[in-house]
Each structure stands twice: as C-alpha cells, then as structure tokens.
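Keep in mind the model is a prediction, meaning the values are calculated, not measured. Lettering of chains follows the sequences in order, A, B, ..., and the numbering in each one begins at 1.
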Protein chains: 2
Amino acid sequence: MSDLLDRLREGGWRLTAQRRVVAEVLDGDHVHLTADEVHSRAAARLPEISRATVYNTLRELVQRGEVVEVSTDGRAKRYDPNAHRPHHHLLCARCGSIRDVHPTGDPLANLPASESFGFTVLEAEVTYRGICPDCAA
Amino acid sequence: MSDLLDRLREGGWRLTAQRRVVAEVLDGDHVHLTADEVHSRAAARLPEISRATVYNTLRELVQRGEVVEVSTDGRAKRYDPNAHRPHHHLLCARCGSIRDVHPTGDPLANLPASESFGFTVLEAEVTYRGICPDCAA
DNA sequence: AGCTTGCCTTAGACCCTGTCCAATGTAGGG
DNA sequence: CCCTACATTGGACAGGGTCTAAGGCAAGCT
Ligand SMILES: [Mn+2]
Ligand SMILES: [Mn+2]
Ligand SMILES: [Zn+2]
Ligand SMILES: [Zn+2]
C-alpha cells in the first residue's frame, strides 16, 4: 500500500491528496468498488474531490497495472486493487457481492485446438456465480 | 427458428411484425449482436420499428430463455440466440469478434470448497481472449 | 367479417456511466 | 520561494439503456 505509493512516485507520479485518498480507498482484500463508490468514499475524506479526478486516477492505476478493471454485469465497472496475484471471481447472484477465488488447473488447457477457430488464445477469465451465505440464510 | 415462433406463440405472445423481424435478425450461428445492431438490421426490413420495441423484445426473449445476454467488454450487451446449447466465448482482443466455444471438462470442478467462501456455486462462465486469424495476419 | 379489449408499439424524455474540455490550482525541481 | 508542467475541477457531452403516456393492432368473440 505504501509500497504502491512508492512505486507510483518512482513512475513519475505527482503525489496529490486526491490520488492518495483514491489509493487508500482501494486498499484491502476482496475490494471491487465502482467508480462512484470510490468517489463517495474518497469524498468522505476529501470533500472537494471531483468525479473526473476519480475517473482519471482509476484509469491511470489500471494503465500502470496497479488496479484491474472488472466488468461483471454490464453495469458500472469495478476496480480491483488485487492486481499482482492473478485470480478469478465468485459473484452472488442475489446481492452482487464479489469474492476473489483461485481455481485449480489452467482453464486454457480446456480449450481444444479444434475449438480455437484459428485464434491465438492468450487468456481465460472465469466468473463463478452462486448464492452467498448471507443471501442463502 | 420457426420452432422459436411456435414456442413463443404458445407462451401467449402476440405475433407482431416487430417481434418476428427481431427473431429473424437473431437467427444464425455465432450471432452476438448489440441491441443497436439488432435495431438497425431490423429497421432494414421494417423501417418504422422503434428502439424501445427492440429493447422490450430482447428483454422478453432473455426472460423466456430463448436468448442469452453476454456482457463482454463493459460496453453494450450482446444478444445470443444460441441459448439451448450451453457454451462459452472466445473474443478477439483486437477486433472484438466473438466465437462460441465448447471447452472440455467442468470449470465448476476447478473451484475447491476451500475457495467457495460458503457460496452455493451454481455456474461458471469462461471468457477466452486472444487474436483472431484475420487480426493476426 | 366486424367489435372489443387488452396487449404492443412509439417518440421522446430521462437516467446512469463514463469522457472531454477550458479554466484554475499546485507539487516539486531548481 | 518561484516557476511551470502537470493535476484538478465543474460542467457539457456521449453512449447505452429504461420509462411513460398516447395511440395501434392481434386475436378471440360473435
Ligand atoms: Mn478481484
Ligand atoms: Mn454465444
Ligand atoms: Zn448475496
Ligand atoms: Zn480480430
């Protein structure tokens, strides 16, 4: 987290209060906030921060590989600070909560050449859906 | 396809020219059109069809399980008439073209209980990304 | 074949997510 | 402590999608 700020400063980033507070809001595990959620949490600490700055900062963090963008539902994109340990996602179909998961095996191995249509296949992303303990209760 | 229209009529659907033309536009293999694409193709056959009707019809087809919604890129959702044979998708990272693929094995089996966070896991959706033959050339 | 009725369609207003811009502010090197 | 290049801001704008009120028409009934 402070490592993150160090890396960013070394990458020639000006360390502004806005950028710092966006980075702080994104800190943690299983964090997958929308840009609006990032904005309201950031605004709780720094009331004058603008939507545009939040979007700018998120875009830069994604470009630098410090945050990954997750499009789960065709609605707002979610921003995920867990960018250095590759993982997949498990979504609750009722409440929309998201957990990071690490399946076994390589999903790429499950796509036979006969099903590749001549593509050079680079990556596989798995989205699991189910019902979370809270919603099942 | 005409089976589709039969099923829909039996489900109490009024068979209007608009609904027929939307169903026709969606017919085929590896079809993954956006709502706007459906609208312009439908309008080529039935010029007065409205955007609202296309959206209404697509929503109903999805609710009835005759079409599946695919959110590939956080932009417009795509509508897929291949709803009766479960499958996954292979996307070209350059041009966005989409193919239906049928991987081997069950991706659900790759999620150990220790990674399930107490969820009842119902479904796994795999998105492969790569470069298509046309874009590789 | 005509009537009736309730479902469908329509245009356009409206909402949400995200981008862009010109004007203003400020981090950080010299 | 100044300077300036980079960052922030509010507001306009754009794309995708939903909603509504008014009028249209499919299909069952006679
Ligand atoms: Mn994640
Ligand atoms: Mn498909
Ligand atoms: Zn839940
Ligand atoms: Zn391509």
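Donor-acceptor pairing under 3.5 Å, judged by distance alone, is present between the side chain of Arg51(A) and the base of dG18(C). Counting distance only, with no hydrogens placed and no angle test, the side-chain atoms of Arg19(A) and the base atoms of dA7(D) include no donor-acceptor pair under 3.5 Å. At a cut-off of 3.5 angstrom, counting only N and O atoms as typed in the model, there is no donor on one side facing an acceptor on the other between the side-chain of Arg59(A) and the base of dT19(C). For Arg14(B) and dC8(C), a side-chain-to-base donor-acceptor distance below 3.5 Å is absent, hydrogens and geometry of angles not being considered.
For Thr16(B) and dT9(C), the shortest distance from a side-chain N or O to OP1 or OP2 is below 4.0 Å. Between Gln18(A) and dT9(D) there is a side-chain N or O to OP1 or OP2 distance below 4.0 Å.
Under the 3.5 Å distance criterion, with hydrogens and angles disregarded, no donor-acceptor pair is assigned to the side chains of Arg85(B) and Asn82(B). Side chain to side chain, His89(B) and Asp80(B) meet the donor-acceptor criterion of an N or O pair below 3.5 Å. A donor-acceptor pair shorter than 3.5 Å can be found between the side chains of Asp100(A) and His32(A).
Between dA26(D), dT8(D), dG28(C), one nucleotide has an atom nearer to the side chain of Thr53(A) than all others, and that is dT8(D). Listed nucleotides: dC8(C), dT10(C), dG28(C). Nearest to the side chain of Leu15(A): dG28(C). In this structure, of dG16(D), dA26(D), dG17(D), it is dG17(D) that holds the atom nearest to the side chain of Lys77(B).
Between Ala35(B) and Ala17(B), the residue whose closest nucleotide on DNA chain D is further toward the 5' end is Ala35(B). Each of Asn56(B) and Tyr79(A) has a nearest nucleotide on DNA chain C; the 5'-most of these lies closest to Asn56(B). If you find the closest nucleotide of DNA chain D to Gly74(A) and to Trp13(A), the one lying nearer the 5' end belongs to Trp13(A).
Rounded to an integer number of Å, the gap from Tyr55(B) OH to dC15(C) P is 17 Å. Straight-line distance from the CD1 atom of Ile49(B) to the P atom of dT10(C): 6 Å, rounded to whole Å. What separates CZ of Arg9(A) from C1' of dG28(C) is a distance of 12 Å, to the nearest Å. Put simply, CD on Glu37(A) is 11 Å from P on dG18(C), counting in whole angstrom units. The distance between atom CZ of Arg20(B) and atom P of dA27(D), rounded to the nearest whole Å, is 8 Å. Nucleotide dC8(C) holds its P atom 7 Å from the CD atom of Glu60(B), rounded to whole Å. Whole-Å rounding puts the Glu48(A) CD to dG11(D) P distance at 15 Å. Atom P of nucleotide dG17(D) and atom NE2 of His39(B) are separated by 14 Å, given to the nearest angstrom.
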Nucleotide pairing, DNA chain D (Watson-Crick or G-U, distances under 3.5 Å), in dot-bracket with [ ] and |
||||||||||||||||||||||||||||||
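A salt bridge links Arg78(B) with Glu37(B): at least one charged nitrogen is closer than 4.0 Å to a carboxylate oxygen. With respect to Glu115(A) and Arg99(B), no salt bridge is recorded, no charged nitrogen being found less than 4.0 Å from a carboxylate O.
Outside the 6.0 Å centre-distance limit, the rings of His39(B) and Tyr55(B) are not counted as a close aromatic pair.
At most 12 heavy atoms of other shown residues, nucleotides or ligands fall within 6.0 angstrom of atom CZ in Arg41(A). Around CZ of Arg45(B), the count of heavy atoms belonging to other residues, nucleotides or ligands within 6.0 Å does not exceed 12.
Note on Ala52(A): a base of the nucleic acid sits closer than 4.0 angstrom, heavy atoms only.
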